[in-house]
Amino acid sequence: MNSTICRLAIPVEEGFSLADTLNCGQCFRWNQTESGWFEGVVEGRFCCVSQDDYGILLQGIADGEEDFWRDYFDLATNYANIRTKLCKDKTLAKAAEFAPGIRVLRQHPWETLCSFIISQNNHLARIKGIVARLCECFGDEITNGVYSFPAPERLAVLSEEDLAPLRSGFRAKYILDAARKVSTGEVVLADIKTMPLDDARAALQKIHGVGPKVAECALLYGFARMECFPMDVWMKRAMKYLFPNGLPQCAKENAGIAQQYIFHYARMCPDAFPEKM
DNA sequence: ACCCAGGCGACGA
DNA sequence: TCGTCGCATGGG
């Protein structure tokens, strides 16, 4: 493997946290090794990632792929500016202050859609397990024991029985329906990127097993639709307590980032929300 | 053992 | 249109 280390600079004032970004529930294919580096696969590229005072350190990337990783970590976006807007609301400021270094990753549309189909009524740790088995069973081996995320065309030809090793339960038929509708073009992911938001939501929800929440997650994490605001059980609890009258207006254009701050805060500090007890 | 999880579809009122 | 229930599985 190429052992050259490449740095993607992030201005210090943006306060990036690699660990918070990769552990905040938006992605499922990164694992921290004993050395503290994170190993992951993005669109068929295996990589080891760490950070220093100036940004992101990448080990093992191919020549000329810096821009790919810049895009993945959304480094063209200035998060300090976004936090300044969000923090006009004091409650939002408190949530953001808890893990200000989170960035919303720009993930692959199909992988994101499929992963969040798997996420429903499920735990983070178990979601990662099912996704890992999905890749091991049906992805391509990139290097030793490292597999890509399988394309929809690969999964579309399978049966529920074929997916039994994933132990994904009732979600298996949802995975297959998504793979089939995407590979036949009944749902065109490339179009969803630019559709009016409500049309995009409706298009994704044509898939059996994709409802409002999964569609919202796919649009935010897989299509960079930053005004999306996924509401899972954690968010419902947190919102009821923090924002009973809804998300403040100053957060609307960056609702997805606000959501990530609130979600992470709620998950890390469940005792902060009385109705949980 | 027990509760619940980044929900959704089916069904009945 | 809205509330309720079953769903597969296993981490904590």
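Note on naming: letters A, B, ... go to the chains in the order of the sequence lines (proteins, then strands), and numbering restarts at 1 for each one.
The existence of a salt bridge linking A:D177 and A:K181 is confirmed by a sub-4.0 Å separation between a basic side-chain nitrogen and an acidic carboxylate oxygen.
A cation-pi arrangement is not found for A:R103 relative to A:F73, the charged atom failing to lie both closer than 6.0 Å to the ring centre and inside a 45° cone about the ring normal.
Counting non-hydrogen atoms under 4.0 angstrom, A:I262 reaches nothing in the nucleic acid.
Between the side chain of A:D232 and the base of B:dA5, no donor-acceptor pair under 3.5 Å is found.
Rounded to a whole Å, the CD atom of A:E160 is 9 Å from the P atom of C:dA8. In this structure, A:R126 atom CZ and B:dG7 atom C1' are separated by 14 Å, rounded to whole Å. The CD1 atom of A:I117 sits 16 Å away from the P atom of C:dA8 (whole-angstrom rounding). Rounded to whole Å, the distance from OH on A:Y265 to P on B:dG6 is 19 Å. Rounded to whole Å, the distance from CG on A:L163 to C1' on C:dA8 is 14 Å. In this structure, the CD1 atom of A:I127 is 12 Å from the P atom of C:dG12, given to the nearest Å. Rounded to whole Å, the distance from CD1 on A:I130 to C1' on C:dC7 is 13 Å. Between A:K128 atom NZ and B:dA5 atom P the separation is 19 Å, expressed in whole Å.
Residue pairs meeting the side-chain hydrogen bond (donor to acceptor under 3.5 Å, both in side chains) criterion with at least one partner in residues 110-123 of chain A, sequence neighbours excluded, are A:N122-A:R126. The salt bridge (Lys or Arg N to Asp or Glu O under 4.0 Å) contacts involving residues 21-41 of chain A comprise nothing, where partners must be two or more places apart or lie in separate chains. Among residue pairs with one or both ends in residues 198-218 of chain A, those qualifying as side-chain hydrogen bond (donor to acceptor under 3.5 Å, both in side chains) are A:D198-A:R201, A:R201-A:E216; sequence neighbours excluded. Annotation: side-chain hydrogen bond (donor to acceptor under 3.5 Å, both in side chains) contacts involving residues 139-155 of chain A, sequence neighbours excluded, are absent.
Looking at residues two or more places apart in sequence or on another chain, you find no salt bridge (Lys or Arg N to Asp or Glu O under 4.0 Å) involving A:R133. Looking at residues two or more places apart in sequence or on another chain, you find a side-chain contact (heavy atoms from CB on, under 4.5 Å) between A:D71 and A:R106. Not counting sequence neighbours, the partners of A:W69 by the ring-ring contact (aromatic ring centres under 6.0 Å, His included) test are A:Y72. Not counting sequence neighbours, the partners of A:E253 by the side-chain contact (heavy atoms from CB on, under 4.5 Å) test are A:K85.
The side chain of A:L124 approaches B:dG6 more closely than any other nucleotide in the set B:dA10, B:dG7, B:dG6.
Hydrophobic clustering keeps A:V12 apart from A:Y79 (ILVMFWY residues linked when any side-chain heavy atoms are closer than 4.5 Å, directly or through intermediates). Under the 4.5 Å side-chain heavy-atom criterion for grouping Ile, Leu, Val, Met, Phe, Trp and Tyr, A:M268 is connected to A:L92 within one hydrophobic cluster.
Here A:F263 packs flat against the base of B:dG6; its ring centre is closer than 5.5 angstrom to the base's six-membered ring, tilted by less than 30 degrees.
Of the residues in residues 209-231 of chain A, those placing a heavy atom less than 4.0 Å from an atom of DNA chain B are A:G209, A:V210, A:G211, A:P212, A:K213, A:V214, A:Y221, A:P230, in numerical order. Residues from residues 252-261 of chain A that place a heavy atom under 4.0 Å from any atom of DNA chain B, listed by number: A:Q259, A:Q260. The stretch residues 167-183 of chain A comes close to DNA chain C through A:R167, A:G169, A:F170, A:R171, A:K173, each having a heavy atom under 4.0 Å from the strand. Annotation: proximity of residues 22-33 of chain A to DNA chain B (heavy atom, distance under 4.0 Å) is found for A:C24, A:G25, A:Q26, numbered in ascending order.
Comparing the same atom, P, in C:dA8 and in B:dC11 gives a spacing of 14 Å after rounding to whole Å. Atom C1' of C:dG3 sits at a distance of 22 Å from the matching atom of B:dG6, rounded to the whole Å. With both ends at atom P, the span from B:dC8 to C:dG11 equals 23 Å, rounded to whole Å. Annotation: C:dC5 and B:dC4 have their P atoms spaced 15 Å apart (nearest Å).
A donor and an acceptor atom, one from each side chain of A:T84 and A:N81, are nowhere located under 3.5 Å apart.
A:E97 CD: 12 or fewer foreign heavy atoms inside a 6.0 Å radius.
In this structure, A:F116 has its ring center under 6.0 Å from that of A:Y221.
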